[in-house]
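Lettering of chains follows the sequences in order, A, B, ..., and the numbering in each one begins at 1.
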Amino acid sequence: MGHKKKRSHPDLEELLARPWCYYCERDFEDLKLLISHQKAKHFKCERCGKRLNTAGGLSVHMNQVHKETLQCVENALPNRSGLDIEIFGMEGVPEDILQQHNQRIIQNFYQAQAERAAATGNPPRGHAVQGPAKKIKYETPEELKKRLAEHRAKFAAQKAAAANGTAPQVPQADGAAAAPAPFPAAQPPAYPYPAMPPTVPGYPAAAIPPFPPTAPAGVYPAPGAPPVPGAPGASFPLPARPPGAPGAGAALPQRPPFYNGAGAPGEGPVQKVGGDDIDQLIRMAEAGIKPQAQQQQGEKKEEGAAAGEKKKKEVRMVYADTEVSPEEKMALLPRYRWVEEAAA
Amino acid sequence: MAPATQFEVAQPPNDAISAIDFAPEAPRFLVSSWDKNVYLYEIASGSEQATLINAFEHRAPVLSVCFGANQDEAFTAGMDRQVKKLNLVTGEQTVLSKHSEPVRCVVYSSEHSLLISASWDSTLHVHNAANLSQPHITIPLPGKPHALAASRTKLVVAMTARLVHIYDLPTLLSAVRSNTQTPPQPWQQRESSLKFLTRAVACMPNDAGYATSSIEGRVAVEWFDDSAESQARKYAFKCHRQAAPEAEGGGDIVYPVNALAFHPIYGTFASGGGDGTVALWDAEAKRRMRQYQRFPDSVAALAFSRDGRYLAIGVCPGFETGMEDYSGEGRTKVFVRELGETEAKGKGAK
Ligand SMILES: [Zn+2]
Ligand SMILES: [Zn+2]
């Protein structure tokens with residue numbers, strides 16, 4: 001990035017270069033500000049106020065210190081609150097999301113320019129003279145829609161394949177306030193909200209309250225399933241690293257390891273990773289010592305089923321007697337049986 | 001905000017837990033056990049421990065316990081078919097009534113000073129706890145009761161064959177006071193919202209409705225008001241399930257949801273399952289708020305303290321299909337979780 005131009009309207013390159021937050025789409029002057037924003041807004045422990053570096057770190061902290069399972073990233077936009085994607089600053093933002101973001105900036109940029117042109121009568125600046133902007137293909141809204149649809153399809157397919165997403169949830173009010181201008185209409189949620197499993201016998205279909213798309217407050221279909229060793233989908237796609245983080249100074253904080261010290265109780269041994277090899281850290285996370293991400297698999301499966309997946313799932317009930325309770329059975333065991341003593 | 005803490009009670013029951021209840025005021029709770037005892041614990045504030053104050057031995061396994069009007073009075077029921085009053089100061093046990101089969105649950109309504117017991121003999125006994133010299137009344141049920149809960153004005157009885165009866169507590173009180181010969185009729189008769197055997201029932205603290213859970217990893221929430229509008233609000237959802245390892249054919253392992261408890265202040269509720277987990281749900285917003293770390297065995301019972309500060313969790317092996325033997329010996333534990341200020345606070349509807 002070259003020199004900063006003192007102009008009331010920043011050029012497109014400058015806009016595109018601004019670091020932004022995956023969770024709430026806010027953009028920042030520099031990466032350090034973004035990282036401190038993420039720690040304060042998205043990775044802060046609601047129990048003790050501790051600020052962690054990543055959602056994974058917060059998950060482990062909550063597990064170890066508060067014996068609790070992190071459900072989702074706070075203050076995130078719907079569909080961005082999942083714990084399956086490990087974000088640190090601009091790192092870990094999936095390629096398609098990154099492109100969506102850039103696409104939106106481009107669109108807004110030209111829209112603003114067109115509006116200014118319409119207001120002033122001047123021809124839009126940059127089209128003929130400015131180098132960088134010319135290189136960026138300007139798509140018509142139709143093309144843009146199509147492209148976004150492709151992104152979404154691709155993303156959904158990836159999601160389905162990885163099957164380790166987290167159900168979205170309603171962002172908190174303050175999160176919503178912090179969110180930037182609304183997404184263009186052509187950008188609906190990347191994957192469907194979880195529906196309440198439509199499974200209640202004796203209920204009219206209408207009895208299951210629908211969840212309006214604006215309020216994705218689904219009850220999570222299943223509490224965390226345990227890590228499934230060797231299950232397919234255990235390796236979620238390696239998050240694409242964004243091209244050269246803009247504004248990256250020498251004093252940037254290192255991407256921290258996901259796990260500080262010992263692993264989550266009940267999980268396998270966790271390698272302690274030193275150094276700053278980010279790729280290695282990402283791979284380590286990918287390799288599986290990520291209780292949260294794996295845990296989500298079960299939920300994701302349930303969501304699939306709820307969403308109308310016709311494939312009949314194998315279900316084993318731990319207790320299956322529909323007439324006699326476990327207590328009645330226990331009552332028959334010699335150990336607990338009560339025999340009225342002969343009249344004393 | 002003080003961090004939430006959780007600790008294990010030092011002297012747990014020796015066998016499976018059947019029920020837990022907190023005292024009306026003091027931070028003390030009772031645990032009934034299949035080892036024939038009722039245990040009284042007191043939480044020492046700030047010390048992260050609960051002290052066993054006393055254990056009260058019964059003749060047979062105790063299937064249910066609840067506090068009465070104050071922290072020194074309790075009621076118990078069990079395999080020996082008796083409903084008893086237990087003086088927690090002197091240890092004195094007084095038989096209040098006798099069923100013809102084991103007594104599964106006892107519930108005390110402080111608003112109406114009523115003690116209600118539910119037995120596998122398919123009856124309820126209703127006692128006027130304010131005047132125990134008055135004879136109890138017996139209400140016949142259409143099926144064996146498995147779970148019982150009271151709100152301020154209602155009593156919910158969940159039975160076999162997915163039967164649910166809701167009784168009006170003021171009606172029961174006037175019936176027992178006048179010692180009526182014709183047993184009071186249920187205020188409402190419903191079919192369970194869940195397809196499988198009911199495991200637990202809990203009432204909302206605002207007297208508006210209740211939650212039920214079944215052996216098939218599912219919870220339903222519904223409202224007392226039988227207007228179409230209120231009934232349209234009811235819903236059910238899956239929970240306490242695990243994905244089975246692919247090596248074992250995949251699919252889902254479905255656990256019974258053994259315990260439900262509403263938070264007395266926030267109206268959110270906790271569920272405890274055979275999977276050894278406890279989850280907190282926001283009934284209004286219909287979302288899971290929290291999921292606690294897995295406990296070593298099935299969660300058998302749950303109770304919030306009346307001020308909502310503590311959650312007591314009874315953990316022991318779950319009885320599963322095909323078990324020919326069962327023992328909770330050596331594996332029965334009680335955990336107490338001190339909740340953070342807003343830990344159980346829902347975010348509200350929408
Ligand atoms: Zn953010
Ligand atoms: Zn914390």
Side-chain angles (χ1 to χ4, degrees), chain A residues 46-49 63 65-69 71 169-170 172 196-197 199-203 206-209 215 217-226 228-232 265-266 297-298 301-302 313-323 325-331 333 335-338, chain B residues 1 3-4 6 34 60-61 63 79-80 102 104 120 146 160 191 193 195-197 215-216 220 231-247 249-256 274 277 279 281 285-288 290-294 318-321 325-327 340 350:
Chain A
E46 59 172 336
R47 297 258 150 281
C48 66
N63 214 322
V65 179
H66 309 297
K67 310 266 187 284
E68 216 179 284
T69 308
Q71 305 273 319
Q169 85 168 84
V170 191
Q172 280 185 335
M196 196 74 102
T199 45
V200 188
Y203 264 54
I208 296 150
V219 164
Y220 295 79
V228 182
Q297 281 177 14
K301 277 182 191 162
E302 293 251 349
K313 258 196 319 184
E314 195 69 33
V315 164
R316 184 174 80 80
M317 284 171 67
V318 159
Y319 185 83
D321 196 315
T322 57
E323 283 301 314
S325 68
E327 287 75 18
E328 287 171 274
K329 298 207 172 182
M330 283 169 70
L333 299 174
R335 183 182 177 84
Y336 303 119
R337 196 178 295 151
W338 163 254
Chain B
M1 194 172 6
Q6 183 177 298
W34 288 78
L63 299 184
M79 285 293 293
D80 66 358
R104 177 66 187 92
W120 291 333
H146 295 302
T160 42
E191 185 177 63
S193 303
K195 194 165 142 197
F196 289 87
L197 190 71
I215 57 168
E216 191 247 351
Q231 289 308 302
R233 287 172 70 200
K234 67 184 174 184
Y235 62 89
F237 57 91
K238 292 184 200 174
C239 50
H240 298 281
R241 293 159 182 245
Q242 281 179 19
E246 293 294 333
D252 269 353
I253 305 172
V254 177
Y255 293 88
T277 67
W281 307 89
K286 296 180 196 139
R287 60 185 280 273
R288 192 175 73 193
R290 303 186 188 285
Q291 156 116 32
Y292 299 123
Q293 211 175 71
R294 190 173 299 276
F319 186 93
E320 302 187 356
T321 294
D325 205 358
Y326 174 94
S327 166
K350 264 189 251 23

Show your reasoning for whether side-chain contact (heavy atoms from CB on, under 4.5 Å) applies to B:F196 and A:M317. CA-CA 11 Å; B:F196 289 87; A:M317 284 171 67; 3.7 Å; yes

Report the distance from atom CZ of B:R290 to atom OG1 of A:T69, rounding to the nearest 0.5 Å. 10.5 Å

If one checks every heavy atom of B:P102 against chain A at 4.5 Å, the contacting part turns out to be neither

Would you please test A:E328 and B:H146 for side-chain contact (heavy atoms from CB on, under 4.5 Å) and show each step? CA-CA 9 Å; A:E328 287 171 274; B:H146 295 302; 2.9 Å; yes

In short, A:Y319 meets B:T321 closest at the heavy-atom pair CA-OG1, 3.2 Å

I need the minimum non-hydrogen distance between A:E323 and B:L197, along with the two atoms involved. O-CD1, 3.8 Å

Chain A heavy atoms under 4.5 Å from B:W34: which part of the residue, side chain, backbone, both or neither? both

Between B:Y326 and A:K329, is any pair of side-chain heavy atoms under 4.5 Å apart? no

Heavy-atom pair with the smallest gap, counting every atom of B:F319 and A:P326: CB-CB, 4.0 Å

Smallest separation among heavy atoms of B:M79 and A:W338, with atom names: O-CD1, 3.4 Å

Are A:E68 and B:Y292 close enough, and set up right, to give a side-chain contact (heavy atoms from CB on, under 4.5 Å), and what steps lead you there? CA-CA 4 Å; A:E68 216 179 284; B:Y292 299 123; 3.6 Å; yes

State, to 0.1 Å, how close B:Q6 and A:K67 come at their nearest heavy-atom pair, and which atoms those are. OE1-CB, 4.1 Å

Quick check for you: among B:I215, B:L63, B:T160, which has the greatest number of heavy-atom pairs under 4.5 Å with chain A? B:I215

Please confirm whether the backbone N or O of A:Q71 pairs with a side-chain atom of B:Q291, one donor and one acceptor, at under 3.5 Å? no

